[in-house]
Amino acid sequence: MIKRLIIAEKNSQANSYAKALGKFKKLGASYIISDLNLHISPAAGHLLDITNDIKPAYTEALPYFPENMIYDFKAQGQTKSEQEKYLKQVKFLYDNLKKEIAWADEIIIGTDPDREGESIFYTLLNQFPEHQEKVKYRLWANSLTKTGIQKAYQQLRLASETYNFYVEADARRTADWLVGVANLTPLVRKHLKARGQLREVQKKKGKASYEKLSVGRVKAPIMKLIIENDEKISNYVSKPFWKIEVQDEFGTIFTNDWVFGGDDNDQKQADAQRVLHGLSQQAQVIEVEEKIEERKAPALFNLTQLQAYMSRHYQFTAAYTLELAEKLYQNKVMSYPRTDCRLITEYEFAYLRTNLEAYQALLGISFLPVHKEARKSYVNTEKVKEHYALIPTENLPELEKLSQDERLLYETVLRRTLMMFDKDQKVAVTKVRINNGQEFSASGTVILEEGWHHMALKAKTLKKALPHYEKGHLLHVQSQINSGQTQPPARLTESKLLKSVLVKYGIGTSATRASTLAGLVRDGFIKLDKKTGQYYPLEKAQKTVRALEELGSQFVNPEKTSEWEMTLKLIGEGKLEAEAFLETIREEIRTTVKGQSSCVINKN
């Protein structure tokens, strides 16, 4: 019988695989299923990290490009004892994996089903090149339920199908290390220190010690976006504007898009007054448009949309939302969280439909499912390439055993999932246009059938109903001028950054954006107002971005970062070579380093 080895990302994952696949026994760090001649062995996330010596970057001329990337154990923990304990643990797991890899005839990749999972696996396996031909299959489990794991094991993918995800992840990691650790961090520190802008925090044994400051390929453009937003707000000059509105005998207010003054033109109040004087006190109804709209339930959540939703409604940080989602995934009650997809396959739809009554009982609600068919807006097996949307699994949690926030997140995802089975919301929308010398309009909405909307946690306020109007009717109206002041742009919030801005530029991935933003806050580059979710740039971000701009670096440019992110995506699809991307990064590093010489020349 073929000797098979599944390499899992962590022990809890290996344990879930073992429980789902058969009767097992534990031997050292491995789970042994004798009936299948199958061993399951865990890593501990990234057992190996880039450990190249970065002293040359600080002591020799830049740029610094080591000939080879070196991977080894890297201590983690705050204290020496914590670091020693961590190293002891990872060395034990590494030695166990080394033994199991030598034992196996076939190796199955069982790390998390994403780019990082591929990276963790191949970074480890690259230490054993003599065994690389043993890698045959990929266990791609979007759910850690027994059924989900068994289904994934029965439908193993070829390892070659997902190998390019590793190539992409490795190119990203190498680029980020070359940019942030090896070159831009020492370069920016030298640049700021030469200008006396690197703050001295203390002296040790007579030597100056300076504030910690690091630069990252993804962090820099995010800081730039937040700084630009802050500058637009600070520099904004409010301007007066005037608008005309018309009110009829029923109290309905009609408006149009004509704005006098403001940001778009130099018209004054007198111009509005002249138009007002030309308006009649009698208006004719020139159009009545009435239509019935059937509004489908919103799309299912992916990670970014869920993070934005929880940030907007409950002030959860993106990192905290991901943390909760990962706990629910590990507890086998929610699907894999690091997903960009908002669709599911026929398989997931089938088990969701089967469990509808049980899900409703969990929420304490009851409705008669109307859409028992798989609609393309939510279910499209062909378009689900990697992960499907965030949905509950067939395992029902004991809600009282979840923390308050875990329960809130689970119920939020469950409600969004159930909405697709309920009736569409039916509304009557009326739009009326009148003319009293100028055209004005008003609209109203009436809910005819609540449908899925009864499950909405934060219902939108709908416009009130309009009185009955008929085309050609004459109305008695009064017109008046309303004045106002233009407002500065809205401050960037975590919700807006996640939902639109970072997605627009393609900066980072759904798996990394939360940790990047959290890192910028933790390291004192930006401030997050937890009540409003708004971001404010701090001095460290200001001078870091300013230094990169003085160096003429494209690493601070969101548009350029967007191009690189698109290149990485194409690498992951097997359409571009990683080395071409890395050479582009190295060339931009060289250009940035040359900017230091230009700054010195200009200063002199």
| query | Is it true that a side-chain atom of Lys296 and a backbone atom of Gln425 form a donor plus acceptor pair closer than 3.5 Å? | reply | no
| task | Applying side-chain contact (heavy atoms from CB on, under 4.5 Å), run through Phe165 and Asp114 and close with a yes or a no. | result | CA-CA 7 Å; Phe165 294 158; Asp114 60 13; over 6 Å; no
| field | Lys19 charged N/C atom sitting above Phe24 aromatic ring, 6.0 Å / 45° | value | no
| Donor-acceptor pair, side chain of Ser335 and main chain of Ala389, under 3.5 angstrom | yes
| Would one find more than 12 heavy atoms of other residues, nucleotides or ligands at under 6.0 Å from atom CD of Gln404? | no
| task | Using a 4.5 Å cut-off on heavy atoms from C-beta on, say whether the side chain of Ser30 contacts that of Ile40. | result | no
| message | Less than 3.5 Å apart, any donor N or O on the side chain of Asp523 or Ser214 sitting next to an acceptor on the other? | response | no
| query | Do Tyr320 and Asp405 have side-chain N/O donor and acceptor atoms under 3.5 Å apart? | reply | yes
| Donor-acceptor side-chain pairing of Ser12 and Gln330 below 3.5 angstrom | yes
| message | Salt bridge check, Lys85 against Glu82: does any charged N sit closer than 4.0 Å to a carboxylate O? | response | no
| request: Fit a plane to each ring of Phe421 and Phe349, take the angle between them on a 0 to 90° scale, and name the class: parallel (under 30°), tilted (30 to 60°) or perpendicular (over 60°). | output: parallel
| said: If you count heavy atoms of other groups shown closer than 6.0 angstrom to CD of Glu161, is the number above 12? | reply: yes
| request: Indicate whether the side chain of Asp422 and that of His454 have a donor and an acceptor atom separated by less than 3.5 Å. | output: yes
| Pair Thr317, Lys530: side-chain N/O donor-acceptor within cut-off below 3.5 Å | no
| Under 3.5 Å, side chain of Gln155 to main-chain N/O of Ala152, donor-acceptor pair present? | no
| task | Take Ser495 and Thr493 through the side-chain hydrogen bond (donor to acceptor under 3.5 Å, both in side chains) test and state the conclusion after the steps. | result | CA-CA 5 Å; Ser495 175; Thr493 61; 4.8 Å; no
| message | Any heavy-atom pair between the side chains of Leu396 and Val333 that's under 4.5 Å? | response | no
| In a check of side chain to side chain contact (heavy atoms under 4.5 Å, CB included) between Tyr535 and each of Leu528, Leu225, Ile222, which one passes? | Leu528
| said: What I want to find out is whether Lys136 reaches Glu106 closely enough, with some N-O distance under 4.0 Å, to be called a salt bridge. | reply: no
| query | Rounded to the nearest 0.5 Å, how far does CG of Leu144 lie from CE of Met334? | reply | 13.0 Å
| field | Heavy-atom check, side chain of Gln305 versus side chain of Leu300, under 4.5 Å | value | no
| Over 12 foreign heavy atoms within 6.0 Å of CE, Met566 | no
| remark: Rounded to the nearest 0.5 angstrom, the OG-CZ distance for Ser377 and Arg342 is 11.5 Å
| field | Exercise: do Gln132 and Asn126 side chains pair donor with acceptor under 3.5 Å | value | yes
| Have Glu118 and Thr162 got a donor and an acceptor in their side chains that come within less than 3.5 Å? | yes
| query | Which salt bridge (Lys or Arg N to Asp or Glu O under 4.0 Å) pairs, counting each pair once, include a residue from residues 496-513, with sequence neighbours left out? | reply | none
| field | Distance, nearest 0.5 Å, that separates CD of Glu494 from OG1 of Thr532 | value | 10.5 Å
| said: Under a 3.5 Å distance rule, please check whether Ser562 uses its side chain to pair with a backbone N or O of Pro558 as donor and acceptor. | reply: no
| request: Check the pair Met310, Leu408 against side-chain contact (heavy atoms from CB on, under 4.5 Å), reporting the backbone distance first and the verdict last. | output: CA-CA 10 Å; Met310 299 306 288; Leu408 178 59; 4.2 Å; yes
| task | Report yes or no: is the cationic atom of Arg416 (NZ for Lys, CZ for Arg) closer than 6.0 Å to the six-membered ring centre of Tyr309, at no more than 45° off its axis? | result | yes
| request: Check the pair Trp564, Phe555 against ring-ring contact (aromatic ring centres under 6.0 Å, His included), reporting the backbone distance first and the verdict last. | output: CA-CA 10 Å; Trp564 289 327; Phe555 288 115; 5.1 Å; yes
| request: Decide, yes or no, whether a salt bridge links Glu565 with Arg217 under the criterion of side-chain N to carboxylate O below 4.0 Å. | output: yes
| Does CD in Glu382 sit with more than 12 non-hydrogen atoms of other residues, nucleotides or ligands closer than 6.0 Å? | no
| said: Could you check whether any side-chain heavy atom of Glu573 comes within less than 4.5 Å of a side-chain heavy atom of Asn164, counting everything from C-beta outward? | reply: no
| task | State, yes or no, whether a side-chain contact exists between Trp452 and Lys423 at a heavy-atom distance under 4.5 Å. | result | no
| Within 6.0 angstrom of Lys10 NZ, more than 12 heavy atoms from elsewhere | yes
| request: Take Leu390 and Thr339 through the side-chain contact (heavy atoms from CB on, under 4.5 Å) test and state the conclusion after the steps. | output: CA-CA 7 Å; Leu390 259 169; Thr339 176; 4.3 Å; yes
| task | Say whether Tyr31 and Asn11, considering side chains only, have a donor N or O and an acceptor N or O under 3.5 Å apart. | result | yes
| query | Just wondering, do Ile101 and Ile107 contact through their side chains at under 4.5 Å, heavy atoms? | reply | yes
| message | Heavy-atom count check: over 12 atoms from other residues, nucleotides or ligands less than 6.0 Å from Glu400 CD? | response | yes
| message | Is a donor from one side chain sitting under 3.5 angstrom from an acceptor on the other, for Thr123 and Arg173? | response | yes
| Within residues 116-139 or reaching into it, pairs that qualify as ring-ring contact (aromatic ring centres under 6.0 Å, His included) - sequence neighbours excluded | Tyr94-Phe128, Tyr122-Tyr163, Tyr122-Tyr166
| note | d(Thr512 OG1, Arg338 CZ) to nearest 0.5 Å is 9.0 Å
| Just wondering, are more than 12 heavy atoms of other shown residues or ligands nearer than 6.0 Å to CD in Glu357? | no
| message | How about NZ on Lys569, more than 12 heavy atoms from neighbouring residues, nucleotides or ligands closer than 6.0 Å, or not? | response | no
| request: Please round to the nearest 0.5 Å and tell me the distance separating atom CZ of Arg415 and atom CG of Leu362. | output: 11.0 Å
| With no hydrogens and no angle check, is any side-chain donor or acceptor of Thr381 less than 3.5 Å from a backbone partner on Glu346? | yes
| Would you say Trp177 and Asn52 make side-chain contact, with heavy atoms under 4.5 Å? | yes
| said: Using modelled atom types and a 3.5 Å cut-off, is there a donor and acceptor pairing between side-chain atoms of Trp140 and backbone atoms of Tyr153? | reply: no
| said: If we count only N and O atoms by modelled type, under 3.5 Å, do the side chains of Lys332 and Thr393 hold a donor and an acceptor together? | reply: no
| request: Take Lys426 and Glu294 through the side-chain contact (heavy atoms from CB on, under 4.5 Å) test and state the conclusion after the steps. | output: CA-CA 5 Å; Lys426 186 178 289 187; Glu294 292 191 356; 3.3 Å; yes
| message | Quick check: do Ile226 and Phe525 have side-chain heavy atoms less than 4.5 Å from each other? | response | no
| Pairs meeting criterion ring-ring contact (aromatic ring centres under 6.0 Å, His included) with involvement of residues 492-512, two or more places apart | none
| query | Could you state the interatomic distance from CZ (Arg172) to OG1 (Thr567), rounded to the nearest 0.5 Å? | reply | 10.5 Å
| Would Glu84 and Ser81 count as having a side-chain donor-acceptor pair, cut-off 3.5 Å? | no
